[in-house]
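Please read the structure below before turning to the comments.
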Amino acid sequence: MSNSVAEIPFVDLTLQHQPIQSQLEEAILSVARRGDYIMGKALAEFEANFAAACGAKHGIGVACGTDAIALGLQACGIGQGDEVILPANTFVATLIGVLRSGATPVLVDCDLETALIDLTAAEKAITAKTRAIIPVHLYGQMVSPSQLLNLSGNHDLLIFEDAAQAHLAEREGYRAGSIGTAAAFSFYPSKNLGAMGDGGMLVTQEPLVRQTMQSLRNYGAPRKYYHTDYGTNSRLDTLQAAVLGVKLPHLPLWNGDRNQIGKLYDTLLSSLRSQGILPIKNLSKSGHVYHLYVVRVTEACPIDRSTLQTELSARGIQTGIHYPLPCHLQPAFQYLGYKLGDFPHAEELCQQILSLPMYPGLSNSQIHQVVDVLEELTQTPALLTFQTPSSLVPG
Ligand SMILES: *Cc1c(COP(=O)(O)O)cnc(C)c1O
């Protein structure tokens with residue numbers, strides 16, 4: 001099918017960098033001139049500014065979000081013999097982080113409409129060994145802080161937020177990173193706040209967690225050549241911190257843009273509910289920072305997800321699937337003993353979800369274009385019957 005309009009990428013980072021390009025270059029150059037590449041001035045500044053933006057007292061920069069989870073749990077005193085509850089439908093790094101801390105992961109199902117951890121299922125999974133729960137603020141929407149605080153209060157659980165997709169997200173008056181003992185963030189380039197490479201941070205209210213984390217990321221040495229912990233080398237590069245420091249002041253604007261885009265999608269897509277296209281529910285109004293905008297292509301849809309994705313792509317609209325296989329069905333983690341059918345909602349979502357283009361700068365006309373094409377594709381299935389649907393993912 002021919003297509004006269006420009007392509008719509010899934011994500012476009014150049015748009016957010018263009019207006020601040022000279023500031024970014026200047027920040028990078030100033031680190032190069034100073035030469036303080038490791039634990040330099042820009043790192044300390046960014047740690048303080050980012051923690052403050054999250055409503056947390058301390059920020060400790062690390063090499064990536066996965067390390068923020070793995071080392072962060074350790075810094076909270078969690079390890080071997082402890083059970084940690086987390087959702088089955090998250091990016092696999094959440095699970096890897098728990099395993100690396102030495103703790104035992106306990107997966108639970110999610111809510112079908114929000115795709116967030118099902119806190120009722122989480123409560124049922126609590127045992128005498130449960131020490132912590134990891135709410136993953138998936139797609140940019142926080143897990144309900146009030147319900148989390150209730151649960152943790154009733155069962156004496158530590159809350160460790162995976163906020164890798166939820167920089168500055170808000171819900172019920174709380175900001176991501178400020179609910180629990182500690183929270184992990186990622187600065188992978190395509191995250192809401194992204195570096196020009198890998199990066200991550202743990203934020204915490206607890207001075208002791210901060211102190212241990214600073215040691216763990218730096219070979220376990222609270223001071224040079226004196227090692228009190230079995231640590232590693234995982235620091236946020238000063239260069240990356242300088243880049244992130246330039247971008248941070250713009251984040252509220254970018255997030256606001258994402259939220260507006262989400263709202264417009266929601267409005268325009270409401271007419272496609274009868275066609276089986278159901279957006280993931282936003283229960284946090286303007287506090288949702290839409291790292292991703294995800295719809296469910298349900299059985300009521302006259303066209304299956306895989307064909308829909310192919311046809312969208314043929315019309316210049318790039319989409320993604322986050323994520324095609326839940327953690328408990330990943331080959332690497334079969335040894336944990338989970339099987340198909342254990343988490344029906346997570347498994348169903350994996351078959352249905354489709355992430356639409358979402359990034360600051362995506363224009364209203366582009367959003368209309370995406371929805372128009374979706375409308376066309378879901379209302380004229382007869383035209384598409386020649387398509388061979390590709391095989392479904394397992395699970
Ligand atoms: C990106 C991400 C991580 C891992 O962050 P990295 O910086 O890539 O290591 C962890 N959890 C979630 C939910 C993520 O989206």
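- The 12-atom threshold is exceeded at OH of Y265, counting heavy atoms of other residues, nucleotides or ligands nearer than 6.0 Å.
- A side-chain donor-acceptor contact under 3.5 Å links D162 and T94.
- Here the CD1-CG distance, from I38 to L43, works out to 9.5 Å after rounding to the nearest 0.5 Å.
- In terms of modelled atom types and a separation under 3.5 Å, the side chain of H288 and the main chain of Y290 share a donor-acceptor contact.
- With hydrogens and angles left out, the side-chain atoms of Q379 and E375 include no donor and acceptor closer than 3.5 Å.
- By the side-chain hydrogen bond (donor to acceptor under 3.5 Å, both in side chains) test, Y139 is found to be paired with no residue, residues two or more places apart in sequence or in another chain being considered.
- Residues L292 and I117 fall within the same hydrophobic cluster, defined by Ile, Leu, Val, Met, Phe, Trp and Tyr side chains chained together at heavy-atom separations under 4.5 Å.
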- Message: If you apply the rule salt bridge (Lys or Arg N to Asp or Glu O under 4.0 Å), what do you find for K339 with D342, and how did you get there?
- Response: CA-CA 6 Å; K339 58 184 189 313; D342 281 348; 3.0 Å; yes

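- Donor-acceptor pairing under 3.5 Å is recorded for the side chains of E347 and H328.
- E206 pairs by the salt bridge (charged side-chain N to carboxylate O under 4.0 Å, His left out) definition with nothing, not counting sequence neighbours.
- For the 3.5 Å distance criterion, the side chains of D257 and Y359 fail to qualify, holding no donor opposite an acceptor.
- For H291, the ring-ring contact (aromatic ring centres under 6.0 Å, His included) criterion is met by no residue, not counting sequence neighbours.
- In this structure V289 satisfies the side chain to side chain contact (heavy atoms under 4.5 Å, CB included) test together with A169, N192, N255, sequence neighbours excluded.
- H17 and K247 share a donor-acceptor pair across their side chains, judged by distance under 3.5 Å alone.
- Clustering ILVMFWY residues whenever any of their side-chain heavy atoms sit less than 4.5 angstrom apart, transitively, puts M142 in a cluster other than the one holding F50.
- Applying the ring-ring contact (aromatic ring centres under 6.0 Å, His included) rule to pairs touching residues 64-94 yields F91-Y323, sequence neighbours excluded.
- A donor-acceptor contact shorter than 3.5 Å links the side chain of S215 to the backbone of G220.
- Ion pair E47/K57 not flagged as a salt bridge, since none of the NZ, NE, NH1 or NH2 atoms sits closer than 4.0 Å to an Asp/Glu carboxylate oxygen.
- Linking Ile, Leu, Val, Met, Phe, Trp and Tyr residues whenever their side-chain heavy atoms come within less than 4.5 Å places V209 and V98 in a single cluster.
- Applying the ring-ring contact (aromatic ring centres under 6.0 Å, His included) rule to H155 yields no partners; only residues at least two apart in sequence or on another chain are considered.
- Between Q351 and R305, the shortest heavy-atom contact is O-CZ, 3.2 Å.
- Distance check, rounded to the nearest 0.5 Å: CD1 of I303 to OG1 of T378 gives 8.0 Å.
- For the atom pair OH (Y174) and OG (S144), the distance works out to 9.5 Å, reported to the nearest 0.5 Å.
- In this model, a donor atom of one side chain and an acceptor atom of the other lie less than 3.5 Å apart for S146 and E172.
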- Task: Walk me through it: do L208 and Q211 pass the test side-chain contact (heavy atoms from CB on, under 4.5 Å)?
- Result: CA-CA 5 Å; L208 210 65; Q211 199 183 315; 4.1 Å; yes

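- Residue N154 qualifies as enclosed at atom CG: its count of foreign heavy atoms under 6.0 Å is above 12.
- Between F46 and F187, the gap from one ring centroid to the other is short of 6.0 Å.
- Cluster membership for I321 and I277, using ILVMFWY side-chain heavy atoms within less than 4.5 angstrom, is shared.
- Taking 4.0 Å as the cut-off between side-chain N and carboxylate O, D67 and R100 count as a salt-bridged pair.
- In terms of the side-chain hydrogen bond (donor to acceptor under 3.5 Å, both in side chains) criterion, Q74 has no residue partners (sequence neighbours excluded).
- Hydrophobic cluster membership is shared by L354 and L264, with clusters built from Ile, Leu, Val, Met, Phe, Trp and Tyr side chains linked at under 4.5 angstrom.
- Ring geometry, Y335 versus F333: the interplanar angle falls from 30° to 60°, so the pair is classed tilted.
- With rounding to the nearest 0.5 Å, the separation of CG in L95 from CD in Q330 is 9.0 Å.
- Taken from CG in L244 to CG in L24, the straight-line distance is 9.5 Å, to the nearest 0.5 Å.
- Shown here are the ring-ring contact (aromatic ring centres under 6.0 Å, His included) partners of F10, two or more places apart in sequence or in another chain: H322.
- Side-chain N or O atoms of T127 include one that pairs as donor or acceptor with a backbone N or O of K129 at under 3.5 Å.
- To the nearest 0.5 angstrom, L86 atom CG is 5.0 Å from L107 atom CG.
- Scanning for side-chain hydrogen bond (donor to acceptor under 3.5 Å, both in side chains) contacts around S365 gives S363, with sequence neighbours left out.
- When atom types are taken as modelled, the side chain of S284 and the backbone of G287 share no donor-acceptor pair closer than 3.5 angstrom.
- Remark: R273 pairs with L278, P279 by the side chain to side chain contact (heavy atoms under 4.5 Å, CB included) rule, at least two apart or across chains.
- For the pair N259 (side chain) and K285 (backbone), a donor-acceptor distance under 3.5 Å is present.
- Side chain to side chain, T114 and Q141 fail the donor-acceptor criterion of an N or O pair below 3.5 Å.
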- Task: Output, in order, the C-alpha distance, side-chain angles, deciding distance and verdict of side-chain contact (heavy atoms from CB on, under 4.5 Å) for I179 and F160.
- Result: CA-CA 9 Å; I179 315 173; F160 187 99; over 6 Å; no

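- When the side chain to side chain contact (heavy atoms under 4.5 Å, CB included) test is applied to V106, the partners found at least two apart in sequence or on another chain are E83, I85, A125.
- Among the candidates I78, T130, L73, I133, the single residue satisfying the side-chain contact (heavy atoms from CB on, under 4.5 Å) test with L158 is I78.
- Residues that satisfy the ring-ring contact (aromatic ring centres under 6.0 Å, His included) test with H137, not counting sequence neighbours, are absent from this structure.
- Closest of all the heavy-atom pairs between A88 and A346 is CB-CB, 4.3 Å.
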